[in-house]
Enquirer: 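Below is a structure I'd like to ask you about.
Since the model is a prediction, treat every value here as computed from it, not as a measurement.
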Amino acid sequence: HDQGAISTSMVGLNVTEENLWSINNNVGNLSTLENTQVGVSINNRFLISDFTTAALAFVLPLNKFSVGINYSNYGNEFYQYHTAGIGYSMNLGKNISAGIKMNYHNINLGNFYGSSSIISGDLGVIAKLRQDLTMGVAIKNPTLSQLSDFEDERLPTLIQLGFNYSISDQLHTLIAIEKDIMYPASIKTAITYQPMQSLNLRVGVGTFPTTLG
């Protein structure tokens with residue numbers, strides 16, 4: 001569900017991260033970006049080519065708001081999952097921004113099972129509560145978009161609420177709770193440390209399921 005190396009290194013704890021991949025992680029963060037950005041991400045799990053996700057993102061800041069687009073694909077010749085989206089984010093005040101995004105999903109199960117397409121939406125908010133404390137909220141698929149009538153199959157609906165506390169300019173601690181409405185809540189924590197301008201160290205752990213980044 002997450003995209004970008006920073007999010008992956010922190011087990012998907014991403015609602016307060018202000019970067020290009022906010023287009024997929026927390027669209028509310030896009031308006032905090034100051035420059036036009038484009039990026040490519042390739043994420044491979046277990047060194048198996050069939051478990052590779054490739055993604056492309058582009059963000060264009062325009063005065064007090066930003067627009068962004070993204071595309072990703074996953075799978076092989078028997079199962080392919082394509083997603084494309086467009087997002088909009090704007091500043092609602094000095095310390096708060098919000099955004100909305102529309103996604104197009106296409107799932108192709110080969111010649112026998114065919115393919116299906118569906119539309120979903122995302123919502124995101126980022127707020128600076130204090131100089132050293134930031135809060136982010138992201139809701140993916142609040143519309144409960146349906147994939148199939150069979151057993152009422154739907155896209156996952158995810159909610160993540162997270163906080164980023166700056167102990168210093170170099171050291172940050174993060175914590176979030178993420179809930180898929182069909183499964184138990186997951187607690188995610190992470191630490192980032194930047195000993196020098198060109199080096200940033202990150203580690204994260206999560207529960208349900210247990211993950212380490």
Enquirer: With a 4.5 Å limit on heavy-atom distance, are the side chains of S117 and Y104 in contact?
Expert: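 Yes, side chains in contact.
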Enquirer: Please determine whether side chain to side chain donor-acceptor pair (under 3.5 Å) holds for the pair N103 and T83, giving the CA-CA distance in whole Å, both sets of side-chain angles, and the decisive distance to 0.1 Å.
Expert: CA-CA 7 Å; N103 303 289; T83 304; over 6 Å; no
Enquirer: Does any part of the side chain of R130, heavy atoms only, come nearer than 4.5 Å to the side chain of Y165, both counted from C-beta?
Expert: yes
Enquirer: Please check: side-chain N/O of K140 versus main-chain N/O of N24, any donor-acceptor pairing under 3.5 Å?
Expert: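 Yes; at least one donor-acceptor contact below 3.5 Å.
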Enquirer: S72 and T53: which non-hydrogen atoms are nearest, and at how many Å?
Expert: CB-CG2, 4.5 Å
Enquirer: Nearest 0.5 Å, what's the CD-CG distance between Q3 and N19?
Expert: 11.0 Å
Enquirer: Checking side chain to side chain donor-acceptor pair (under 3.5 Å) between H172 and each of N164, T16, T192, which is the one that passes?
Expert: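 Considering N164, T16, T192, a side chain to side chain donor-acceptor pair (under 3.5 Å) with H172 is found only for N164.
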Enquirer: Linking I/L/V/M/F/W/Y whenever any side-chain heavy atoms sit under 4.5 Å apart, do M90 and L123 land together?
Expert: no
Enquirer: Quick check: do N200 and Y193 have side-chain heavy atoms less than 4.5 Å from each other?
Expert: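 Not in contact.
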Enquirer: Do you reckon I100 sits in the same ILVMFWY cluster as I119, going by side-chain contacts under 4.5 Å, direct or chained?
Expert: no
Enquirer: With the side chain counted from C-beta on, respond yes when P61 and E34 share a heavy-atom pair under 4.5 Å apart, and no when they do not.
Expert: no
Enquirer: Provide the closest heavy-atom pair for F163 versus L161 in the form atom of the first, atom of the second, distance.
Expert: CE1-CG, 4.1 Å
Enquirer: Once rounded to the nearest 0.5 Å, what's the spacing between atom CE of M102 and atom OH of Y88?
Expert: 16.0 Å
Enquirer: Where do V11 and G206 come nearest, in terms of heavy atoms and distance?
Expert: CG2-N, 4.1 Å
Enquirer: State whether the side chain of R154 and the backbone N or O of L144 hold a donor-acceptor pair below 3.5 Å, judged by distance alone.
Expert: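 Side chain of R154 to backbone of L144, a donor-acceptor pair under 3.5 Å: yes, one is there.
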Enquirer: Kindly say whether I6 contributes a backbone atom to a donor-acceptor pair with the side chain of S9 at under 3.5 angstrom?
Expert: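 Confirmed, S9 side chain pairs with I6 backbone.
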Enquirer: Does the ring pair (Phe, Tyr, Trp, His ring centres under 6.0 Å) test come out yes or no for Y183 and F208, once each step is laid out?
Expert: CA-CA 9 Å; Y183 300 99; F208 299 109; over 10 Å; no
Enquirer: Could you tell me whether the side chain of N141 and the main chain of S145 form a donor-acceptor pair under 3.5 Å?
Expert: yes
Enquirer: Can you see which heavy atom on G124 is nearest to which on N26, and at what distance?
Expert: CA-OD1, 3.0 Å
Enquirer: Is N29 reaching over with its side chain to a backbone N or O of V15, donor-acceptor style, under 3.5 angstrom?
Expert: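 Side chain of N29 to backbone of V15, a donor-acceptor pair under 3.5 Å: yes, one is there.
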Enquirer: Check the pair F58 / T36 against side chain to side chain contact (heavy atoms under 4.5 Å, CB included), numbers first and verdict last.
Expert: CA-CA 8 Å; F58 171 78; T36 300; 3.5 Å; yes
Enquirer: Kindly give the heavy-atom pair with the smallest separation between G87 and V27, and that separation in Å.
Expert: CA-CG2, 4.1 Å
Enquirer: Heavy-atom distance under 4.5 Å between the side chains of L129 and N95, does that happen here?
Expert: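 A side-chain contact is absent here, since even the closest heavy-atom pair is not under 4.5 Å.
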Enquirer: So, the side chain of N76 versus the backbone of F78: is there a donor-acceptor pair under 3.5 Å, distance only?
Expert: yes
Enquirer: Around I48, counting heavy atoms of other residues, nucleotides and ligands shown, do more than 12 lie under 6.0 Å from its CD1?
Expert: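 For I48, atom CD1 is crowded (more than 12 foreign heavy atoms under 6.0 Å).
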Enquirer: State yes or no: do M135 and L133 share one hydrophobic cluster built from I, L, V, M, F, W and Y residues joined by side-chain heavy-atom distances below 4.5 Å, directly or via other members?
Expert: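 In one cluster: yes.
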Enquirer: Report yes or no: does S168 contribute a side-chain atom to a donor-acceptor pair with the main-chain N or O of Q170 at less than 3.5 Å?
Expert: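 Judged by distance alone, yes, a pair lies under 3.5 Å.
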Enquirer: Just how far is it from atom CG of L62 to atom OG of S89, taken to the nearest 0.5 Å?
Expert: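 Output value for this atom pair is 11.5 Å.
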Enquirer: So, applying side-chain contact (heavy atoms from CB on, under 4.5 Å) with N14, which one of E178, Q160, K188 is it?
Expert: Q160
Enquirer: What distance do I139 atom CD1 and L158 atom CG have between them, rounded to the nearest 0.5 Å?
Expert: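 Nearest 0.5 Å value for the CD1-CG distance: 10.5 Å.
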Enquirer: Is any side-chain heavy atom of Q80 closer than 4.5 Å to one of N73?
Expert: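 No, too far: nothing below the 4.5 Å cut-off.
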Enquirer: Look at the side-chain heavy atoms of Ile, Leu, Val, Met, Phe, Trp and Tyr, link any pair under 4.5 Å apart, and say whether I181 and V137 land in one connected group.
Expert: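 As far as the 4.5 Å side-chain criterion goes, V137 and I181 are not connected within one cluster.
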Enquirer: Any link between I86 and I118 through a network of hydrophobic side chains (Ile, Leu, Val, Met, Phe, Trp, Tyr) touching at under 4.5 Å?
Expert: no
Enquirer: N108 versus N106: any side-chain heavy-atom pair under 4.5 Å?
Expert: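 Yes, their side chains come closer than 4.5 Å.
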Enquirer: Given side chain to side chain contact (heavy atoms under 4.5 Å, CB included), test I167 with T173 step by step and report yes or no.
Expert: CA-CA 7 Å; I167 298 174; T173 61; 3.5 Å; yes
Enquirer: I need the minimum non-hydrogen distance between L30 and S66, along with the two atoms involved.
Expert: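 The answer is O-OG, 3.1 Å.
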Enquirer: Counting C-beta onward and ignoring hydrogens, is there a side-chain heavy-atom pair between T157 and D180 closer than 4.5 Å?
Expert: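 Not touching, per the 4.5 Å side-chain cut-off.
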Enquirer: Using modelled atom types only, decide if a donor and an acceptor are shared between the side chain of S31 and the backbone of F65 within a distance under 3.5 Å.
Expert: no
Enquirer: Between S7 (side chain) and G4 (backbone), is there a donor-acceptor pair under 3.5 Å?
Expert: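 Checked: no pair found.
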Enquirer: For side chain to side chain contact (heavy atoms under 4.5 Å, CB included), just list the numbers for I191 and L171, CA-CA rounded to whole Å, side-chain angles, deciding distance to a tenth of an Å, and then say yes or no.
Expert: CA-CA 7 Å; I191 296 175; L171 183 62; 3.7 Å; yes
Enquirer: Taking atom OG1 of T32 and atom CD1 of I126, what is their separation to the nearest 0.5 Å?
Expert: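 If I round to the nearest 0.5 Å, the distance is 7.5 Å.
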Enquirer: Hey, what do you get for OG (S97) to NZ (K128), rounding to the nearest 0.5 Å?
Expert: 11.0 Å
Enquirer: Mind running side chain to side chain contact (heavy atoms under 4.5 Å, CB included) on I23 and I69 for me, showing each step along the way?
Expert: CA-CA 7 Å; I23 181 63; I69 58 175; over 6 Å; no
Enquirer: Start with the C-alpha distance between H82 and Y74, add both sets of side-chain angles, then the distance that settles side chain to side chain donor-acceptor pair (under 3.5 Å), and finish with yes or no.
Expert: CA-CA 7 Å; H82 304 269; Y74 169 87; over 6 Å; no
